[in-house]
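Order of the sequence lines sets the chain letters (A, B, ...), proteins ahead of strands, with each chain counted from 1. Any value given below was found using the heavy atoms of this structure, including those in side chains, with hydrogens, waters and symmetry copies removed.
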Protein chains: 2
Amino acid sequence: MPTETPAAGAASGARSLPHPDREDIRLAQVLHALADPMRLRIVCALAAAEGELNCADIELPVSKSTCTHHFRVLREHGVIQQFYRGTAKMNGLRRTDLDELFPGLIDGVLQAARLQERRLGAL
Amino acid sequence: MPTETPAAGAASGARSLPHPDREDIRLAQVLHALADPMRLRIVCALAAAEGELNCADIELPVSKSTCTHHFRVLREHGVIQQFYRGTAKMNGLRRTDLDELFPGLIDGVLQAARLQERRLGAL
DNA sequence: GCCATAATACGATGCTCGTCGTAGAAGCGG
DNA sequence: CCGCTTCTACGACGAGCATCGTATTATGGC
């Protein structure tokens, strides 16, 4: 269940990953987070995986530091959810939160991304 | 019909307003254009008006130059359509183009904006 | 205890963006 | 023709961002 609030339990380790509360998520911030090609790719991969994904499971043409940066932007803007599992950090879309706040938005963006990829790929 | 291609006719004056072709519109650019609070407000006003709106009909807490800048960003990223009518410049959403490229996206964003406004206003 | 793995933090750099003010251009009405 | 309204162009300034490399921290296994 990747849509629980991570506050419940504080998990195991000491490394904390601050997530915004659902009511603190702002549309403009979500759109900004989604407006970067790298982050859009991350979100699409996460949505396609339907579950959690390791940070390293998504291949991006950028350095590790930049990758970390993008994941953090997505998390701090309320788009994804992150937690540690051993040395790995797992990622998941905050679908239920986003769907409750902005019904149809994420689906629209994901479908738009798929359509555009198909359109440009089959050019 | 505010959704025609403005290339047909070249209108009256000499002032030209370059619009991107529909197939040149990119999702990331649209999201980026929508990610600014001012521009989001403009788009919402335009959608609510259902027709064309004068630039000055939308009150924004920024200077005139900044306003012009935002309108241009929206136009150059394919979100709105602009043309001159006398000294005024009229604006309209490119709904049909956007709906064809990214079905459901604009509706999702607009509804999300309305929901958030209601949520935050009734706080 | 110690090393390997995975990710972070920090600082730097170059680019983009949002904002503004002022000066200028295009059309309308007398 | 002249002034008024409306928008634009240009330049500037400060902030933010995407990117990187390197040093550091946290976890798990030997």
**OP:** Check every strand shown and say whether Arg85(A) touches a base, only sugar-phosphate, or nothing at a heavy-atom separation below 4.0 Å.
**Re:** nothing
Please output the side-chain donor-acceptor pairs of residues 101-110 of chain A that fall under 3.5 Å, not counting sequence neighbours, one pair per line with the distance.
| from | atom 1 | to | atom 2 | distance (Å) |
| --- | --- | --- | --- | --- |
| Asp107(A) | OD1 | Arg95(A) | NH2 | 2.3 |

Original post:
Expressed in angstrom and rounded to an integer, what is the separation of Leu74(A) atom CG from dA18(D) atom C1'?
Top reply: 13 Å
Original post:
So do Leu120(A) and Gln116(A) actually touch side chain to side chain, heavy atoms under 4.5 Å?
Top reply: yes
**OP:** Name the nucleic acid region contacted by His70(A), choosing base, sugar-phosphate or nothing; use a 4.0 angstrom heavy-atom cut-off, strictly under.
**Re:** sugar-phosphate
Side-chain donor-acceptor pairs of residues 72-79 of chain B under 3.5 Å, sequence neighbours excluded:
| from | atom 1 | to | atom 2 | distance (Å) |
| --- | --- | --- | --- | --- |
| Arg75(B) | NE | Gln82(B) | OE1 | 2.6 |
| Arg75(B) | NH1 | Pro18(B) | O | 2.8 |

Subject >> Those residues of residues 53-61 of chain B lying under 4.0 Å from DNA chain D by at least one heavy atom >> reply: Asn54(B), Cys55(B), Ala56(B)
**OP:** Report the C-alpha separation of Leu60(A) and Arg41(A) in whole Å, then their side-chain angles, then the decisive distance to 0.1 Å, and conclude whether the side chain to side chain contact (heavy atoms under 4.5 Å, CB included) test is met.
**Re:** CA-CA 8 Å; Leu60(A) 292 177; Arg41(A) 209 193 290 199; 3.8 Å; yes
Subject >> Short side-chain N/O contact to dA18(D) OP1/OP2 from Arg39(A), under 4.0 Å >> reply: yes
**OP:** Kindly write out the residues that satisfy side chain to side chain contact (heavy atoms under 4.5 Å, CB included) with Thr68(B), not counting sequence neighbours, or none if the list is empty.
**Re:** none
Original post:
How do His69(B) and Arg72(A) order along DNA chain C: which one's closest nucleotide is nearer the 5' end?
Top reply: Arg72(A)
Subject >> Counterpart residues, side chain to side chain contact (heavy atoms under 4.5 Å, CB included), relative to Glu23(B) (two or more places apart) >> reply: Arg119(A), Asp21(B)
Polar atoms only, N or O, under 3.5 Å: list the protein pairs with nucleotides 21-23 of chain D and their distances.
| from | atom 1 | to | atom 2 | distance (Å) |
| --- | --- | --- | --- | --- |
| dG21(D) | N7 | Ser65(A) | OG | 3.1 |
| dG21(D) | O6 | Ser65(A) | OG | 3.0 |

